[in-house]
Amino acid sequence: MNNKIYQKRRNTLARQIHAKSGGGIAVISTAPELARNRDSEFPYRHDSDFFYLTGFEEPGATLVMEVNCSGKDYKLQSHLFCRPKDTEREIWDGIRLGPDAAPAVLGVEFAYSNQELDHKLGELLADQDAVYIRLAESAEADRRLRHWMKKVRGQARAGINPPSEFHDVEALIHEMRLFKDAHEVETMRRAAAISARAHIRAMQACKPGLREYQLEAELLHEFRNSGAQSVAYNSIVAGGANSCILHYRAGSTELRSGELCLIDAGCELDGYASDITRTFPVNGKFTGPQRALYDITLAAQEVAVAMTKPGNTFMQPHEAALKVLTQGLLDEKLLKLSELGSLENAIETGAYRRFYMHRTSHWLGMDVHDVGSYREQSNSSSKEEKPWRILKNGMVITIEPGLYVRPADDIDEAFWNIGIRIEDDAVINDSGCELISRGAPVKADEIEAIMKNA
Ligand code: ZN
Ligand code: MG
């Protein structure tokens, strides 16, 4: 394992702690294991922030960063608390790294058994002013912090001062995670390529009479067969009317000729998500109304892609997509120009929301809805609304316009139950953006061709 990237990230975090507070202690624990039902656990998934700083995937671990002022500079020492070696447990559950091996493998200065966490924290927090921790995370985390603080306060008569400054460590880490380094972008490219192949596999397997879960099985096959550890989120495979339910899960609905199938699915590879949506006709050929709305959605995505570049705000791709979608709804008479008067009014009044009720983009990274503020960060404490985030090199966003037409008396029946979304993953670079998910075809003709030749 290349532990240098994690050391570099810890140093970046330490530098900020030094700048804000002179020095301090940062505490970041990984995620707990979760029981599914009797004696059976959910597949374990590490905490993203913890993994970002350590590259360590085992449960039961905590990273403590000790940042001490040293002249004008700072000195960082990283302490890892992890599960101790245990022959009996390792026979049942698998090999543990253990504290003896951890410093060499993870590049931390010190490692201990996690059973020493409470005791050691009492020492590490002594005479430190600032603590960087997840605030108000859980009752359990609050209880532990109280326990550590009690230990330090108990030493007051020995002349030891407890910390008096508490900061949210997430805010600092999440700002870092918003900008992906070369290693992260490369991992995300590989994740998106696997997911793109999975979408092709599902399109090619699709035929009337199959059920949604059978296409989900095709996706999962490609994910795991390509080495992805997991899905990045529960796969949406939605046939017919289900395509208009935004967070539908793959169910047992039969896929019928003449209807659309919407698949929103992506794998997680080495801790990074991909997030792709494709919509295709179950029988391999779009109907006229389906094709009309599909082409509008694709045109909306194209203008949004063109607006996804450094210097534009996070909202500009959405605004561009919204215009094309709304104009399309007017052209197809799903929105009535006679009632709305103008395109501008159809947007301003939110009339389009009946057919397009979500945003066009979200950050993508370790988490599918990744962390990072959507507003510009400024030091002003004014309550005024901060401007939307300016897109910059290294950010990764999805671009996913859609149109969803549910049955209604005032809607031409030919459009009923058409739900379309087209979603790609974009890495912002100097010249605009790189679409890393385009291994899956997106043009209607290309989709039809790929299904025909299956
Ligand atoms: Zn998405
Ligand atoms: Mg998605």
Side-chain angles (χ1 to χ4, degrees), residues 48 177-178 180 184-185 187-189 191-203 212 215-216 218-220 222-223 228 230-239 242-251 260-269 271-280 294 297-298 300-302 304-305 307-308 314-315 317-318 320-322 325 356-372 374 389 391 395-404 419-428 433-442 447:
S48 296
R177 280 176 54 192
L178 183 52
K180 277 70 180 173
E184 297 185 283
V185 170
T187 308
M188 293 185 75
R189 278 196 193 103
I194 293 170
S195 297
R197 286 205 301 276
H199 277 265
I200 291 176
R201 189 182 168 100
M203 283 176 196
E212 292 164 340
L215 292 193
E216 183 187 27
E218 300 292 336
L219 298 164
L220 295 173
E222 193 65 40
F223 292 167
S230 172
V231 291
Y233 54 96
N234 292 329
S235 305
I236 296 171
V237 179
N242 297 337
S243 63
C244 295
I245 303 170
L246 297 179
H247 288 164
Y248 182 78
R249 285 269 284 114
L260 290 175
C261 178
L262 182 156
I263 295 185
D264 184 345
C267 70
E268 179 179 294
L269 178 73
Y272 286 83
S274 53
D275 184 3
I276 304 180
T277 308
R278 290 293 184 265
T279 310
F280 52 89
Y294 189 90
T297 310
L298 185 58
Q301 201 208 28
E302 273 163 14
V305 169
M307 295 304 274
T308 302
F314 173 79
M315 279 305 264
H318 176 65
L322 201 50
L325 291 172
Y356 183 47
M357 53 299 276
H358 59 80
R359 286 269 162 80
T360 304
S361 300
H362 55 78
W363 306 131
L364 182 71
M366 292 183 147
D367 299 315
V368 63
H369 290 169
D370 206 32
V371 296
Y374 287 94
R389 196 87 199 211
L391 298 177
M395 290 175 167
V396 182
I397 68 170
T398 63
I399 307 174
E400 49 177 310
L403 286 173
Y404 313 90
I420 295 166
R421 180 163 63 257
I422 305 171
E423 174 174 31
D424 281 289
D425 304 343
V427 181
I428 292 152
C433 68
E434 174 192 348
L435 296 177
I436 57 176
S437 49
R438 278 294 172 88
V442 72
I447 289 173

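Just so you know, ligand 1 is whichever comes first in the structure, and atom 1 is the first atom listed for that ligand. Please read all numbers here as calculations on a predicted model, not as lab measurements.
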inquiry  = Under the rule for ring-ring contact (aromatic ring centres under 6.0 Å, His included), what residues qualify as partners of His358, not counting sequence neighbours?
reply    = Tyr356, Tyr404

query = Which pair of heavy atoms, one from Met307 and one from Ala320, lies closest together, and at what distance?
reply = CG-CB, 3.7 Å

remark   = Counting only protein N, O or S atoms and ignoring waters, those under 2.8 Å from the Zn ion (ligand 1) are Asp275 OD2, His362 NE2, Glu400 OE2, Glu423 OE2

message = Would you call the rings of Phe314 and Trp363 parallel, tilted or perpendicular, taking 30° and 60° as the class edges?
response = tilted

request  = Run through the protein N/O/S atoms less than 2.8 Å from the Mg ion (ligand 2) and write them out by chain and number.
outcome  = Asp264 OD1, Asp264 OD2, Asp275 OD1, Glu423 OE1

note = d(Leu298 CG, Ile422 CD1) to nearest 0.5 Å is 4.5 Å

key: Under the ring-ring contact (aromatic ring centres under 6.0 Å, His included) test, residues paired with Phe280 that sit two or more places apart   = none

Side chain to side chain contact (heavy atoms under 4.5 Å, CB included) between Asp424 and Val442, worked out = CA-CA 9 Å; Asp424 281 289; Val442 72; 4.2 Å; yes

task = With side chain to side chain contact (heavy atoms under 4.5 Å, CB included) as the test, would you mind laying out the steps for Phe223 and Ile194 before giving the verdict?
result = CA-CA 6 Å; Phe223 292 167; Ile194 293 170; 4.1 Å; yes

Option among Lys180, His369, Met188, Met395 that satisfies the side-chain contact (heavy atoms from CB on, under 4.5 Å) test with Leu364 = Met188

Euclidean distance, Thr398 OG1 relative to Asp275 CG, rounded to 0.5 Å = 5.5 Å

